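Just so you know, ligand 1 is whichever comes first in the structure, and atom 1 is the first atom listed for that ligand. From a predicted model like this one, the values you see are computed outputs, not experimental measurements. All values below were derived from every heavy atom in this structure, side-chain atoms included, with hydrogens, water molecules and symmetry-related copies excluded. Along the sequence shown, the residues carry numbers beginning at 1.
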Amino acid sequence: MIEMRLEEKQREIVERTIAYLKENYSDECSGHDYWHTLRVYQMATDLAEKEDADLFVVRMAALLHDVDDRKLSPETHDELANAVAFMNDNEVAKDDREKVCEIIREVSYRGKDSTAPASIEGKCVQDADRLDALGAIGIARIFAFGGSNRRPIYDPYIAPIEAMSEEEYVASPTTSVNHFYEKIFHLKSMMNTESARKLAEEREAFMKNYLQQFFNEWKGEQ
Ligand code: NI
C-alpha cells in the first residue's frame, strides 16, 4: 500500500517536471529544447527497463539534465541551481535528490575529460543523452547548435581537432561538419550499455552516409 502511494507520488512529480520543461524550454533553438529532453527521457526509460535501474531516479535525472546547462541558462553559475530548486519545491526525497544531482554532474560532455557515471542510473541517462546526438536527429541538432553559436556549416580550410580537452572543446573555432569528427564520432565507443552501443552503431553509420553525400555535393576546395 505504501509502495503504491510512493509510486503514485513519483508519477505525479514526473508529470509536473514535464509540464515545467514544456513551459520553460519549448522555444529553445540550439537543439537542447523541450523535445530533446523528452526524447532523452523516453530513451533513458527504455534503457533503464532493460538494465533494471531505478526508474524514478533515471526519469528525473533525464528530465533535469540540461536545465542548468550554460547553453540554456547562461545566467546560472551553479551547475545544479535550477534542478535543486525544482526538486525542493516538488518534494523529491533527499536520497533521490542527491542521486539525481550526482547524475547531472556526471552526464555532461567534456571532450576527452568526460567521465563515465558510477551508477547504472547515470549510465542510462548519459547513453540516452548521447544517442540523441546521433542519427538523423543528431544531424539536425548539430546544424541548429552550430547556427546558434555562429559557426559556419563547413570550411574546407579548418581541419577538425581530434581528441579535444574540455577547454579546447569550449574555445576552439570550428564548423558544424567538423563537430561530427571532433565530438559525435567519439560517442559510440563511450556508450555504457550494450543496447545503447548497438543503436549508436546504426546511427553513426547513417551519419557517415550523410557526410559522404555532403562531400559529393560540395564543389569547392576539398
Ligand atoms: Ni542533453
Side-chain angles (χ1 to χ4, degrees), residues 14 17-48 53 57-76 78-84 86-87 99-117 119-149 151 164 166 169-170 176 179-180 182-188 190-193 195-197 199-200 203-204 207:
V14 166
T17 315
I18 294 173
Y20 159 77
L21 294 163
K22 190 168 192 180
E23 171 102 20
N24 292 286
Y25 300 101
S26 286
D27 59 356
E28 203 280 331
C29 300
S30 80
H32 297 83
D33 54 301
Y34 165 71
W35 295 106
H36 159 66
T37 300
L38 212 60
R39 288 189 303 270
V40 172
Y41 160 77
Q42 278 154 354
M43 179 60 77
T45 301
D46 285 357
L47 296 173
V57 169
V58 165
R59 286 176 168 148
M60 290 306 291
L63 290 171
L64 296 173
H65 82 278
D66 272 340
V67 297
D68 289 293
D69 193 286
R70 67 185 140 204
K71 296 185 279 293
L72 293 188
S73 304
E75 75 288 352
T76 51
D78 175 349
E79 62 177 350
L80 293 166
N82 294 334
V84 168
F86 182 85
M87 288 193 284
K99 288 181 189 161
V100 169
C101 287
E102 171 85 20
I103 295 172
I104 296 172
R105 269 191 230 104
E106 291 169 330
V107 293
S108 64
Y109 186 83
R110 301 189 180 91
K112 65 174 164 27
D113 308 323
S114 300
T115 45
S119 64
I120 186 61
E121 286 75 23
K123 290 177 163 74
C124 293
V125 176
Q126 190 179 59
D127 281 1
D129 192 31
R130 289 175 170 174
L131 280 170
D132 206 53
L134 290 163
I137 286 172
I139 295 171
R141 293 184 65 226
I142 287 171
F143 292 108
F145 180 72
S148 74
N149 282 280
R151 283 180 182 170
M164 293 176 125
E166 183 180 9
Y169 176 67
V170 174
S176 291
H179 193 66
F180 285 80
E182 289 166 344
K183 172 178 175 183
I184 306 302
F185 294 154
H186 294 291
L187 296 177
K188 184 182 69 185
M190 294 166 88
M191 292 294 167
N192 304 294
T193 66
S195 29
R197 201 176 347 264
L199 281 170
R203 292 183 184 190
E204 186 187 286
M207 293 175 112

Check your understanding: How would you list, by chain and number, every residue that makes a ring-ring contact (aromatic ring centres under 6.0 Å, His included) with Tyr34, sequence neighbours excluded?
Key ->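 Here no residue qualifies.
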Point to revise | Under-2.8 Å neighbours of the Ni ion (ligand 1), protein N/O/S atoms only | key: 4
Check your understanding: Is a side-chain donor-acceptor pair under 3.5 Å present for His32 with Asp69?
Key ->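 His32 and Asp69 do not have a side-chain donor-acceptor pair below 3.5 Å.
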Practice item. Could you check whether the rings of Phe180 and Phe185 sit parallel, tilted or perpendicular, using 30° and 60° as the cut-offs? Key: tilted
Find out whether [X] and [Y] are in side-chain contact, i.e. whether some heavy atom of one side chain is under 4.5 Å from a heavy atom of the other.
X      : Y      : answer
Met207 : Ile142 : yes
Leu64  : Phe86  : yes
Leu63  : Tyr20  : no

